[in-house]
Amino acid sequence: MTTRARHEQRAPLLLAVLGTLAVIFFVLPLFALAVRVPWSSLVDVLGNEATTEALMLSIITSVITTAIAVIFGVPLAWLLARSTMPGRQMIRAICTLSMVLPPVVAGVALLASLGRRGVVGQLLNDWIGLRLPFTMPAVVIAQLFVAMPFLVLTVESGFARSSTTAEEAARTLGASPWYVFSRVTVPATRSAILAGAVLTWARALGEFGATITFAGNFPGATRTLPIATYLALETNVDDALLISMLMVMLSLVILVALRGRWIGAIGGAR
Amino acid sequence: MTLVADVRRRIGSLQLDASFSIDKGETIAVVGPNGAGKTSLVRTIAGLAAVDEGRIAWDEFVWDESGSGVFVSPERRPIGYVFQDHALFEHLSVLDNVAFGLRASGIGRRDARTRARVVLEIVGGLKFEQRMPSELSGGESQTVAIARALATEPKLMLFDEPFAALDTSARAEARRLFVAMANPSMSRILVTHDAVEALTLADRIIAIEDGSIVQIGTPSELLAMPRSHFVAEILGLNALSGQLNGDQLSIGSMSLTVGAHEALDGNVIAIIRPRSVSLHQTRPEGSPRNVWNSSVVAVDRTADRVRVQLGAPLNISVEVTPAGFDALHTEVGADLWASVKASEVAVHPA
Amino acid sequence: MHRVVQLLFAAVVVAACGSSDQRSETTVVFAASSLVDVLNDLSNDDESAFVRAVMSFASSASLSAQVVDGAPVGLFVSADRQQIDELVAAGYGLSDPRVVARNSLVIAVEAGNPLGIQTLDDLTRSDLLLAVAAPGVPLGEYSEAMLRAADIEVSPVTFEADARAVLAKVVLGEVDAGIVYATDATSTSDVAAVYVPEADAVAIEYFALEITTTPGRSSALLNELLGERGQQALLQRGFVLP
């Protein structure tokens, strides 16, 4: 009995106390939310077409955002981790700035570039009549702008950590650089890519400020679940609480499921 | 000549400067102490790094030339590379590791796997073809690394310290495989810091120190005239060329009984460690079958050991303790008896 | 040296007394976002009672929720009758609610009105991008009521969270027009306000209510708003007097 206890790592008291307080800090708001939610009207809210529409829009846009983030973010992460291009530090800082920017400011920045009067948006509008704000693509762009850095940083550290010897071995076996990247580098950093994708998805799902600023609020096109929640807060607090709880549960289920299966591999025993 | 290399490259504080060539089917060992630039040299030949100055050519094909700026990337060179840590692809099974190079060259999965199985069978790895690299022992992992490199039928195989990470039994097996895979149409470069490996496995040896080649030659040439400290260290091992016939080894006029071995009759290299030879004032009685009369040519005494150089009929170094040496009451020019157990005479194919 | 310490000590004591004095006089004012300019004007006037007020601006709904949650509020000025009625019904009112100002709806357009928008009917033009406030927020409800009364059906591209957000979309040029409060349209020179007669159909009133929980000097503040100084400030910011 005692020998067994000795072999287990025991947390120092101070760490245990502080860590527990941190857990309480995170659990308390969720618990309070759960207590205050008028569960009895759950069926009504779920049956509400406006809510399900917002839920579907949120799921669709956040999944599209995640897919695009992977397509562009993984190459960017590779360049940041492996290439010797000049000004890498600067590029990394700029590409991840939107993480710390207030989301509303991010939205204004997007309007300034892609809006109807924006630097690029004006050209798009004049040349091909493309107007991004107030459309579903605008929702995806807003989410992408604030959420993609999570993928880039996670995957970059995955690339930086993974050994390059296997890649060299693949080169000597006749594999082209692209073949090496797709068949050796990516599988080797699979868990980091999945972790980054999950973080990006979670951030995209919760995105509010940049979305309402850049994409506005239109039912079925740009009214995502967070925007619906915010507006419900103005009129019907009970509905807002229910929708928030819906988001919390959706995120929780997916984060727990994915963390157990894939992300656990990161940093742990490989 | 097949490979002609003139490699000059700066790696940190090391200046690599090595010119040599390799014939078709030849096995060359690159020996030298750690940090001498051995791995950097083979990496440059593989194309994982480029020369700062110089030229690497394979037959009429230039692989790397500083003057013209020609550089053929590693995937276009007909090479195989066995890395020190084997560098297997952790996410692929043994079979798919071996099939990787074939798949990369555009061969379909089914065909690539079929050919990979053939290679695995040759090296004796078929029994674990379905395992993942993490489930392999060190020896098995190395077998897979060799099979993977062989599968693309390279004309030049590069081995970077292939035996260093293996335990004793796996090492013997790996050396057997290395000898068995010798092929007249495939040249090999073996990087090692183990003198015995170099002497017994290679046709020629390149001794390298501080980035520069100090000597190139056959094992017997190096043994006859060592030109560097490291080569002298090899000599310290008493490597002797001789002819094997059953358990009898002839070296000049001497005949020694050898222990269990895997070398075939004919030319071999025998390794006798200086400490395994005993010296006696009078002819010893008892078990050692190899006993001979010799004379002291030189004595090199340090605080904790005495190195005695013996003359004809067997020019070898013997190492004894100072107390043991004093008990012999001997000096340069004096006669004495030497003995060595048959099991201490190791023979390797020359 | 000794003198310096004495002086420092005296300074600290005076500062401490001063701050405690101030605290006892400080009254918290909750006000609808559209009142931010007026109340800031007042608090910059040394003779105003609002100099000593601590003010918080947000949508009437969320402020009302904070009152119920126990925020230490003295005076609540709401843009929404409903919120005030609910608070009174729940016993939070120290006195009857008073109307302190009125507002009206206008069409905010780009400065110079390049599209020549003159009437409410112009908002139905198909080439025109329109922003309105979301149904549920007071401005959204007023806008809807106005359009319904005029029997005009519009198709906005976005339903914004509040008047400032609608205005921002007009200022940034993302939409051509937005329905906002007259006070918002006059707050910036980046937009022009188009007054439409249909706006008279909706009565937009600001109600002030003294809150029972921590009234402080709320009566003085209310009296000022209803008095000469307050009414003058409201007029300057485009409000209509009750």
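Fair warning: this is a prediction, and the values are worked out from it, not measured in the lab. Hydrogens, waters and symmetry mates play no part in the numbers below; they use all other heavy atoms, side chains included. Numbered from 1 within each chain, the chains take letters A, B, ... in sequence-line order.
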What residue, out of A/Val108, A/Thr222, A/Leu231, A/Asn217, has the most heavy-atom pairs lying under 4.5 Å from chain C?
A/Asn217
For C/Arg98, does the CZ atom sit with more than 12 other heavy atoms under 6.0 Å from it, leaving out its own atoms?
no
Exceeds 12 heavy-atom contacts within 6.0 angstrom, atom CZ of A/Arg88:
yes
Residue-level contacts of residues 144-183 of chain C with chain A, using a heavy-atom cutoff under 4.5 Å
C/Pro156, C/Val157, C/Thr158, C/Phe159, C/Glu160, C/Ala161, C/Lys169, C/Leu172, C/Gly173, C/Glu174, C/Val175, C/Asp176
